[in-house]
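Read the structure below first, then the notes.
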Protein chains: 2
Amino acid sequence: MNHIQNRQEYIEECGLIMEQSGLTRMVGRIIGYLAVTDKELVSFDEFTEVLQASKSTISTSVKMLTSMNLIKAATLPGDRKTYYRLAPDYCWSQILRLKTGILSIMYAMFIKGIEFRIRKTDKTAQWLTEAAEFYKFMEQEIPGLLDKWEAQKQLTK
Amino acid sequence: MNHIQNRQEYIEECGLIMEQSGLTRMVGRIIGYLAVTDKELVSFDEFTEVLQASKSTISTSVKMLTSMNLIKAATLPGDRKTYYRLAPDYCWSQILRLKTGILSIMYAMFIKGIEFRIRKTDKTAQWLTEAAEFYKFMEQEIPGLLDKWEAQKQLTK
DNA sequence: AAATAAGTTCGATACATACCGAACTAATAG
DNA sequence: CTATTAGTTCGGTATGTATCGAACTTATTT
């Protein structure tokens, strides 16, 4: 294939996209590098070199990714270094399950708004009710959707 | 009802929540104020006073909210001012429909990662494939979910 | 024990951007 | 035709935070 884009540009693009979706640029670069490298394991040190970042930034970034279960640390006998790889059997649905918390917060926010109103059935109150119902709907439906994904994934194994 | 929280605290809380969900604090305050005020229409000027914000901030904020269709401008005969209210018949599903763009971007990102790899069927390639499939699944399922919401809402009218 | 290696932590920096203030535009009023 | 009102625009500020650099920790090697 005739790649218009090289690996390094791809890694930077991953950084921008992951930043856009709420993580940090460096976290995105790490995922990007793990995606395109042909090595099975990448050392802490290799990240600092290939991503041109400080040890401290790599340290906090791999911790963030590890706590999200997106990457997994690995060690080798007779080797002091820590290596990383994309987490095997990562469950993608969990990335959304964690984010559904904001849905109930939005629901509660709109419901609470109604309680401040003198007229609890006017246009504004109706607007707030519909807003709250939308977020409640989403909060109820998304788990089912994620279950469906997990079940579907299980079948193909 | 015995409100532990007053209106002003509620408005600030709206600011923080909307900020958390990707908008700005001031935009959240505007929604919050429109939620709790008993006035049908709120003038530009009233926002600056009650939210203690500059005209420029209110100007950009109401523009943002107007472009999202969340609020609607209103004018009165013989009155030069612009008033605002929560948009009647706002379609809540659109707020998510707009955000689904990131899903296809994530899908494309993971697919592109595979193309850089020498081994296109190893563990990493499989990881990328599953990631891509997850985002494709979401991109496919969410419109249906939003349709379901819209249909359900239509029934109750 | 001294030196090296592998990460961590924490104060400082640099960058992005929400918000402000002042100058400006356009329309109406006196 | 000047003054006022209503809002916009744009350069600057200030706040939050991702990233950096240096000091520190802990373990290993010589």
Side-chain angles (χ1 to χ4, degrees), chain A residues 8 11-34 39 41-68 70-85, chain B residues 8 11-34 39 41-68 70-85:
Chain A
Q8 195 175 340
I11 290 166
E12 292 304 314
E13 191 184 328
C14 288
L16 291 173
I17 292 171
M18 302 286 271
E19 184 179 34
Q20 190 185 342
S21 81
L23 301 175
T24 74
R25 214 171 275 191
M26 195 59 70
V27 156
R29 288 191 187 108
I30 288 174
I31 295 295
Y33 183 66
L34 288 173
K39 299 180 181 172
L41 296 173
V42 174
S43 75
F44 183 100
D45 214 40
E46 185 173 345
F47 283 130
T48 68
E49 287 161 19
V50 70
L51 304 180
Q52 308 223 60
S54 69
K55 290 198 293 175
S56 56
T57 302
I58 297 302
S59 180
T60 51
S61 299
V62 295
K63 268 191 174 175
M64 192 183 303
L65 282 166
T66 303
S67 76
M68 294 174 67
L70 262 169
I71 67 174
K72 216 169 162 353
T75 51
L76 299 174
D79 186 341
R80 282 200 261 165
K81 293 182 184 176
T82 311
Y83 296 86
Y84 296 93
R85 66 198 148 131
Chain B
Q8 195 176 338
I11 291 166
E12 292 304 314
E13 190 183 328
C14 287
L16 290 173
I17 292 171
M18 301 288 269
E19 183 179 35
Q20 191 185 342
S21 82
L23 301 174
T24 74
R25 217 170 273 191
M26 197 59 70
V27 155
R29 289 190 186 108
I30 289 174
I31 295 295
Y33 183 66
L34 288 172
K39 297 181 183 171
L41 296 172
V42 175
S43 75
F44 183 101
D45 215 40
E46 186 172 345
F47 283 131
T48 68
E49 286 161 18
V50 72
L51 303 181
Q52 308 222 60
S54 69
K55 290 198 292 175
S56 56
T57 303
I58 297 302
S59 180
T60 50
S61 300
V62 296
K63 270 191 173 173
M64 193 182 302
L65 282 167
T66 303
S67 75
M68 293 174 68
L70 262 169
I71 67 173
K72 215 169 162 353
T75 52
L76 299 173
D79 186 342
R80 282 199 262 167
K81 294 182 183 175
T82 311
Y83 296 85
Y84 296 93
R85 64 197 149 135

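Chain A is the first sequence line, chain B the second, and so forth, proteins listed ahead of strands; every chain is numbered from 1. These figures come from a predicted structure and were not determined experimentally. Side-chain atoms are counted along with the backbone in the values below, which use heavy atoms only and exclude waters and symmetry mates.
Atom NZ of A/Lys55 is separated from atom C1' of C/dT4 by 12 Å (rounded to the nearest Å). Atom CZ of B/Arg80 is separated from atom P of D/dT5 by 8 Å (rounded to the nearest Å). Distance A/Glu19 CD to D/dT19 P: 7 Å, rounded to the nearest Å. What separates CZ of B/Arg25 from C1' of D/dT17 is a distance of 13 Å, to the nearest Å. For A/Gln52 and D/dC20, the CD to P distance is 10 Å, given to the nearest whole Å. Atom CE of A/Met18 and atom P of D/dA18 are 14 Å apart (whole Å). For B/Met64 and C/dT17, the CE to P distance is 12 Å, given to the nearest whole Å.
Within 3.5 Å, no donor on the side chain of B/Ser59 pairs with an acceptor on the base of D/dG7, nor the reverse.
Counting non-hydrogen atoms under 4.0 angstrom, B/Thr82 reaches the backbone sugars and phosphates but no base. The residue B/Ser56 sits close to a base: some heavy atom pair falls under 4.0 Å.
Taking the six-membered ring where the residue is Trp, B/Tyr33 and B/Phe47 present perpendicular rings, their angle passing 60° and hence far from 30°.
A/Glu12 has no carboxylate O lying under 4.0 Å from a charged side-chain N of A/Arg25, or vice versa, which leaves the two without a salt bridge.
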